[in-house]
Amino acid sequence: MKAVDEFLSAGRTFKGILLTHLHPDHVGGVNSLRTHLGSAKVYAHSATAAGLSDISVDELLNDDEVIELSGEPVIALRVMHTPGHARGHVCLFEERTGTLISGDNVVGLGSVLIDPPEGNVRDYLESLKRMRALPNLSLMLGGHGPAIANPYRKLDEYISHRLEREAKILEAVQDGATTPQEIVTRVYTDVSPKAHAMAERAVLAHLEKLADDGRISIAADKISPR
Ligand SMILES: [Zn+2]
């Protein structure tokens, strides 16, 4: 709020509140900010709007739509619907400076959890590849942590990290692991036991994709290789 007030007192105008996705740490302040400002339009993708019960979205964002912010120079933000972390996740690309607001798809600090059914590994990988294909990308601003100054390298790391995890999970299944818990203890050796419940969610997301790909089968909660 303080930052917004500083902008307003510096003579800037407020266009609205744009949501990258529906997770509580990204929408928790929306209603109080709206109240603080008197009125403000909330922008989000339709899948984000559909998943929020206590926040009303005024304007739906579509893939490839451009939001213009007046000023000198005009800032044009291109909306990219990039599901995977959340169904309605959007990134915003500012072409002139090559700046990508990457939301929670790529973050400067911590790691990104893909938690099904909101999260989907296949969609996530597609989204990362789409971000990777952007021309003249020079900077990424994630939803957490500092700015990312080497975006292509970071995106490559993210993509290969997911594919490595997937390969290890498949290997664990081929080696006889039959439950997400067993897979976590074999694959997430770098993760503290406290984080195992979260790791199980991530494993489930990978298992979903592996089953879709026809690499494993899941029957009555028993996982087996194919
Ligand atoms: Zn999130």
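Just follow the structure's listing: the first ligand is 1, and inside any ligand the first atom is 1.
- In summary, no N, O or S atom of Asp25 is located under 2.8 Å from the Zn ion (ligand 1).
- The pair Glu65-Arg78 does not meet the salt-bridge criterion, since no charged nitrogen lies less than 4.0 angstrom from a carboxylate oxygen.
- Within Asp104, the N/O/S atom positioned nearest the Zn ion (ligand 1) carries the name OD2.
- Evaluated for a side chain to side chain contact (heavy atoms under 4.5 Å, CB included) with His23, the options Asp25, Thr20, Val27, Leu19 yield exactly one hit, Asp25.
- Here the N, O or S atom of His85 that is nearest to the Zn ion (ligand 1) is NE2.
- Relative to the six-membered ring of Tyr188, Arg165 meets both conditions, a distance below 6.0 Å and an angle of at most 45° to the axis.
- Residues satisfying the salt bridge (charged side-chain N to carboxylate O under 4.0 Å, His left out) test with Glu59, not counting sequence neighbours, are Lys41.
- Angle subtended at the Zn ion (ligand 1) by His23 ND1 and His21 NE2: 90°, rounded to 10 degrees.
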